[in-house]
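Positions are given from 1, in the same order as the sequence printed here. Scope of the values below: all heavy atoms of this structure, side chains included, with no hydrogens, waters or symmetry mates.
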Amino acid sequence: MSGIAAVGESYQKFNPRAYLQNNYMPPRADFGSEDCVVPWKLRCLAEAFATGDIHGRTLLDIGSGPTIYQLLSACDHFEEIIATDYLEVNREVLRRWVQDEPDGFDWSPYIKHVCRIEGKGEQWKEKEQKLRRKLRQILPIDVHQPEPLGSQLCQPADALVSTFCLEAVSPDRPSFERALRNITTLLQPGGHFLLIGALEETFYLAGEAKLSVVPVSEADVREALSKSGYHIHDFRSYLMPPGLKIGVDDVSGVFFVHAQKKPVA
């Protein structure tokens, strides 16, 4: 079995509920501390969208997983948001959230926090409903294919978001770089890309699944983006404090990048 096929096989045991519990509940989601990893990610995203540079008709989220937090600050800047994931179990979690079905993960603390840090006076229920309205498609994707969405996307997106996807589904650095090139074809020239990922991580747990991760450094990420034709506007790193190393992974930190695909010369 090739490295990529083995990764695909390992994800068949992925448990969305366990993944959310490990990463999106306390202690990692402590909204009382701006130094905690989840508020840090939300602030990075909010500040990027607050520049006013990232807007358009369509935002495409690459490898959404079972999460929606990465889309909260995008609501006001795009007419349509498209989520994608390789796993049907994750796409089903997202569909259930859009349809406001019971027993789903409670994202309300996230939405309230984003409303607070954006400071626009928006009610959290308004933001929640806005995202539900704009999240119009939830599509299957394979970032290792030259056309990751097949023929499902009519035209390139105005912007991309991707969180903890590429390094988590790539068996090695070359695969990571190829996956980045593949998804870059989904972005129009001059389009913006917000990328969040794990630094120097080799595995994470999601229920019974132990998923391998290709460890990347800040330099690796910068090099891969440069090779794929991006200009980096902002690069931030977060060092995972000892109190948040809770045995569900071996991540050393998190990176956030705001990059822009270079226009065609």
Side-chain angles (χ1 to χ4, degrees), residues 16 19-20 23-25 29 31 34 36-85 90-141 149 152-165 183 186-188 191-196 234 256 258 260:
Y19 174 76
L20 291 168
N23 295 286
Y24 296 100
M25 295 284 285
F31 294 101
E34 277 296 315
C36 191
V37 63
V38 163
W40 181 84
K41 289 186 288 187
L42 293 173
R43 182 166 290 283
C44 287
L45 291 161
E47 289 178 351
F49 283 108
T51 63
D53 296 332
I54 310 168
H55 57 83
R57 193 178 68 82
T58 305
L59 175 76
L60 182 61
D61 184 20
I62 304 292
S64 308
T67 68
I68 57 91
Y69 73 91
Q70 66 276 20
L71 304 172
L72 291 169
S73 288
C75 286
D76 291 333
H77 305 278
F78 294 89
E79 297 170 30
E80 177 186 38
I81 295 172
I82 301 172
T84 68
D85 203 74
N90 284 337
R91 299 196 299 272
E92 179 60 20
V93 169
L94 295 176
R95 282 193 290 266
R96 289 178 64 85
W97 181 81
V98 169
Q99 292 158 9
D100 196 13
E101 294 190 15
D103 303 324
F105 187 80
D106 180 13
W107 290 107
S108 62
Y110 286 72
I111 306 170
K112 291 172 184 175
H113 184 77
V114 171
C115 287
R116 196 158 54 244
I117 63 176
E118 286 180 347
K120 299 175 188 172
E122 185 176 24
Q123 298 299 308
W124 76 269
K125 276 287 187 185
E126 289 175 22
K127 185 178 283 292
E128 181 181 62
Q129 290 307 318
K130 190 187 299 175
L131 181 53
R132 284 193 168 120
R133 280 197 312 273
K134 293 194 174 184
L135 189 47
R136 294 179 191 162
Q137 296 186 75
I138 299 165
L139 302 176
I141 191 170
L149 286 172
Q152 298 177 102
L153 197 64
C154 300
Q155 60 190 73
D158 298 294
L160 301 182
V161 170
S162 187
T163 56
F164 303 101
C165 172
I183 67 168
L186 304 173
L187 179 63
Q188 68 173 7
H192 293 261
F193 183 21
L194 298 180
L195 178 64
I196 294 178
D234 188 17
F256 167 83
H258 171 197
Q260 187 173 12

Rounded to the nearest 0.5 Å, the CZ atom of F164 sits from the CG atom of L195 at a distance of 9.5 Å
query = Backbone N or O of D76 within a donor-acceptor pair of the K130 side chain at under 3.5 Å?
reply = no
Contact between L186 and I62 at the side-chain level, heavy atoms closer than 4.5 Å - yes or no? yes
In L59, V161, I68, T58, the residue satisfying side-chain contact (heavy atoms from CB on, under 4.5 Å) with I81 is L59
Side chain T84, main chain P140, donor-acceptor under 3.5 Å: no
query: Is there side-chain contact between T163 and Y69, with at least one heavy-atom pair below 4.5 Å?
result: yes
CD of Q129 to CD of Q123, rounded to nearest 0.5 Å, is 13.0 Å
Enumerate, atom names and distances included, each donor-acceptor pair closer than 3.5 Å involving a side-chain atom of residues 40-49, sequence neighbours excluded.
{"from": "K41", "atom 1": "NZ", "to": "Y24", "atom 2": "OH", "distance (Å)": "3.4"}
{"from": "R43", "atom 1": "NE", "to": "E34", "atom 2": "OE1", "distance (Å)": "2.9"}
{"from": "E47", "atom 1": "OE1", "to": "R236", "atom 2": "NH1", "distance (Å)": "2.8"}
{"from": "E47", "atom 1": "OE1", "to": "R236", "atom 2": "NH2", "distance (Å)": "3.0"}

Next on the checklist: What verdict does the side chain to side chain donor-acceptor pair (under 3.5 Å) test give for E128 and S108, after you've listed the backbone C-alpha separation in whole Å, the side-chain angles of each residue and the deciding distance to 0.1 Å?
Outcome noted: CA-CA 8 Å; E128 181 181 62; S108 62; over 6 Å; no
### Task
Spell out, as yes or no, whether a donor-acceptor pair under 3.5 Å connects the side chain of T67 to the backbone of S64.
yes
Exercise for the section: Kindly determine whether R96 and D103 satisfy salt bridge (Lys or Arg N to Asp or Glu O under 4.0 Å), including the steps that lead there. Expected result: CA-CA 9 Å; R96 289 178 64 85; D103 303 324; 5.1 Å; no
Those residues at least two apart in sequence (or on a different chain) that pass ring-ring contact (aromatic ring centres under 6.0 Å, His included) with Y110 are F31, W107
With a 4.5 Å cut-off on side-chain heavy atoms, are W124 and V114 touching?
no
Note: G63 and I141 closest approach over all heavy atoms is N-CG2, 4.5 Å
d(D53 CG, H77 NE2) to nearest 0.5 Å is 10.5 Å
A83 backbone acceptor or donor facing R91 side chain under 3.5 Å: no
Which of Q188, H192, R57 passes side chain to side chain donor-acceptor pair (under 3.5 Å) with D158? Answer is Q188
Heavy-atom side-chain proximity of L71 to F78 below 4.5 angstrom
no
To the nearest 0.5 Å, atom NZ of K112 lies from atom CD of E122 at 14.0 Å
What one should report as the nearest heavy-atom pair of A157 and L60 is CB-CB, 3.8 Å
TODO: Decide yes or no for I82 and Q152: does some side-chain heavy atom of the first lie under 4.5 Å from some side-chain heavy atom of the second?
DONE: no
**Sidechain-backbone polar pair: K134 side chain, C75 backbone, donor-acceptor under 3.5 Å** = yes
**Prompt:** Any side-chain heavy atom of Y19 sitting closer than 4.5 Å to one from P66?
**Reply:** yes
Interatomic distance, SG@C165 vs CD1@I196, rounded to 0.5 Å, equals 12.5 Å
Between the CZ atom in R136 and the CD atom in E80, the distance rounded to the nearest 0.5 Å is 5.5 Å
